[in-house]
Amino acid sequence: MTIDFKALLDQYATPTNLVAANVGLEREGQRVMSTGQLASTAFPAVFNYPGSPIQRDFAETQLELVTPITTSAAAAIGALQKLQTTVQRTLAPTELIWPLSMPPALPVATNQIPIARLADPLAVCYRQQLAKVYGRRRQMLSGVHLNIELAPQLLVELFQHQTEFVVWQDFKNAAYFKIARNYLHYRWLITYLFGATPVSEAHFFTTPDRPQEPVRSLRNSRYGYTNATQVQVSYGSLTRYLADLQTAVATGQLSAVKEFYGHIRLRGGHQMTGLAKTGVQYLELRHLDLNPLAPVGITVEQVKFVQLFLILMLMLPETAAADQWVASGTARNQATALTPPWSAPLRLAEGTDLLAMLAQLVDRLQLTSFQSSVQHAQSQLRHPEQTLAAQWWQLIQPAGQTAAALQAARHYQAQQLAI
């Protein structure tokens, strides 16, 4: 069943309901010593309690900061800043939060990369399985996840003025899956603008199978954090999405549904397993690199841009079957990820059109607070040297990436401790 979301949005979207989304952030990051080596200290015990917003991810050194749900980009960034300040005040003065998605220099011996020492043996076993399947080195990649729920009042307004769907949740599922498919098709633009992993540090790659660095985003390429190629999950519908995930688990391709590392996950709540009962409630965007130029790894401007980009994804048509549409987007994204940081976009005309449509949306609805993020993206499209990957590449030239990352980490530490 198809529905003309663009026509609905053109008629019923308002400056208020279009941007009143619910936003949450999950920021990962390695704890390191002032020398740039992984911290040898244990995860702070003060954060070890059920429901803590400050957690460990794969490794004992790998922080995960989870904000509450907020109602704006600024509020989400503010919540993340508070969490990071709490961490900085708890860590020893010589311990820093590494500002990059690519890990610092890793130990030569794989077993010296410490899996998180959790109290739950099942959680430890799960991480040991991940280490066996993907390798501990790849598990040390970090990023920022952006969780977004479209403004409920917007979806309600659209639902009330359409006739294709009778059931409210079916309508919501269709809207979110359309956004997901188009986002995955056009995500190359996000990687072009916000990719920030041009080079690796020592012992991340241990085989000859490695790219020619620098690139725009190692983490978004096939060298990043991805499932095996045989794990194929359709975004055609909720039924197909859930069936493919269940098949992957049943056949041993995934140890659990949560092991699916798609760049977008459709979420019904905290546990992915509840999606069949709840239907889609929000989207989890998982492929954003940490922004090394931002104290908390992402900026208000980035969140606003992605928020507006998702609305455009709901409006745009799809010109191929769902699986083909997503697969072509994957190929485009990986090609973009492996281009040099200073190179022009591979799909300049398409990017220009996408940003022109975003600018028109901003102008038509007078979304003045979103204007600068779109204008900045337009400038980056014309000037590749302004993209995050290119800026970071230039910054690391004088003394190398480790020195630049430590300098940034110390600067952010000082900023946050001064609050």
Side-chain angles (χ1 to χ4, degrees), residues 5-6 8-27 67-84 144-158 175-176 179 182-183 186-187 189-194 196 282-285 288-291 293-316 351-383 386-388 391 415 419:
F5 283 104
K6 183 180 185 303
L8 287 171
L9 285 163
D10 284 343
Q11 190 165 359
Y12 299 108
T14 69
T16 301
N17 68 23
L18 194 68
V19 299
N22 291 318
V23 183
L25 294 167
E26 303 169 37
R27 183 257 158 98
T67 74
I69 300 302
T70 68
T71 56
S72 71
I77 296 297
L80 186 55
Q81 288 172 334
K82 288 181 180 179
L83 289 175
Q84 191 157 308
V144 58
H145 298 184
L146 177 55
N147 300 305
I148 294 189
E149 176 191 11
L150 296 185
Q153 58 266 47
L154 171 65
L155 289 178
V156 168
E157 186 75 17
L158 300 185
Y176 279 117
I179 292 172
N182 270 334
Y183 185 93
Y186 294 111
R187 80 192 109 151
L189 180 58
I190 303 296
T191 297
Y192 171 81
L193 296 171
F194 302 145
Y282 66 95
L283 298 173
E284 179 190 8
L285 312 183
L288 294 172
D289 289 345
L290 290 172
N291 178 350
L293 308 182
V296 295
I298 189 169
T299 66
V300 171
E301 187 174 78
Q302 284 180 278
V303 176
K304 283 188 171 184
F305 181 86
V306 174
Q307 186 179 344
L308 200 62
F309 191 74
L310 292 177
I311 296 296
L312 180 62
M313 296 302 98
L314 183 59
M315 300 175 73
L316 292 180
T352 301
D353 290 343
L354 289 170
L355 293 179
M357 285 185 278
L358 283 178
Q360 290 167 7
L361 186 61
V362 167
D363 290 342
R364 182 168 64 84
L365 292 173
Q366 297 183 327
L367 305 173
T368 53
S369 67
F370 288 76
Q371 194 169 46
S372 63
S373 65
V374 175
Q375 290 174 341
H376 188 203
Q378 289 174 316
S379 181
Q380 288 174 302
L381 198 69
R382 296 189 300 269
H383 303 285
Q386 295 178 5
T387 59
L388 285 184
Q391 289 187 71
Q415 277 187 333
I419 295 175

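Atom-to-atom distance recorded for Leu314:CG and Leu154:CG is 7.5 Å, nearest 0.5 angstrom. The CD1 atom of Ile77 sits 10.5 Å away from the CZ atom of Arg27 when rounded to the nearest 0.5 Å. Atom CG of Leu308 is separated from atom CE of Met313 by 9.5 Å, given to the nearest 0.5 angstrom. Atom CG of Asp353 and atom CG of Leu189 lie 11.5 Å apart (nearest 0.5 Å). Between atom CG of residue Leu316 and atom CE of residue Met357 there is a gap of 5.0 Å, rounded to the nearest 0.5 Å.
With Tyr176 contributing its side chain and Leu150 its backbone, the two residues share a donor-acceptor pair below 3.5 Å.
In this structure, Asn22 and Tyr282 have side chains that are not in contact, with every pair of non-hydrogen atoms separated by 4.5 Å or more. Looking only at side-chain heavy atoms (C-beta outward), Leu361 and Leu18 come within less than 4.5 Å of each other. Contact annotation: the side chain of Leu283 never approaches that of Tyr183 to less than 4.5 Å [non-hydrogen atoms, C-beta and beyond]. Looking only at side-chain heavy atoms (C-beta outward), Asn291 and Phe194 stay at 4.5 Å or farther from each other. Put simply, the side chain of Gln81 does not reach to within 4.5 Å of the side chain of Pro295, judged on heavy atoms. A 4.5 Å side-chain heavy-atom check between Asn182 and Phe309 finds every atom pair outside the cut-off. For the pair Leu358 and Leu354, the minimum side-chain heavy-atom distance is 4.5 Å or more.
Across all their heavy atoms, Ser369 and Lys304 have their closest contact at O-NZ, 3.2 Å. Residues Arg364 and Leu9 share a closest heavy-atom pair of NH2-O, 4.4 Å. Counting all heavy atoms, side chain and backbone alike, Ala377 lies closest to Phe305 at CB-CE1, 3.5 Å. Nearest approach of Thr67 to Ala76, heavy atoms of both residues: CG2-O, 3.9 Å. Closest heavy-atom contact between Gly351 and Leu381: C-CD2, 3.4 Å. Of all heavy-atom pairs spanning Gln307 and Ala20, the tightest one is NE2-N, 4.5 Å.
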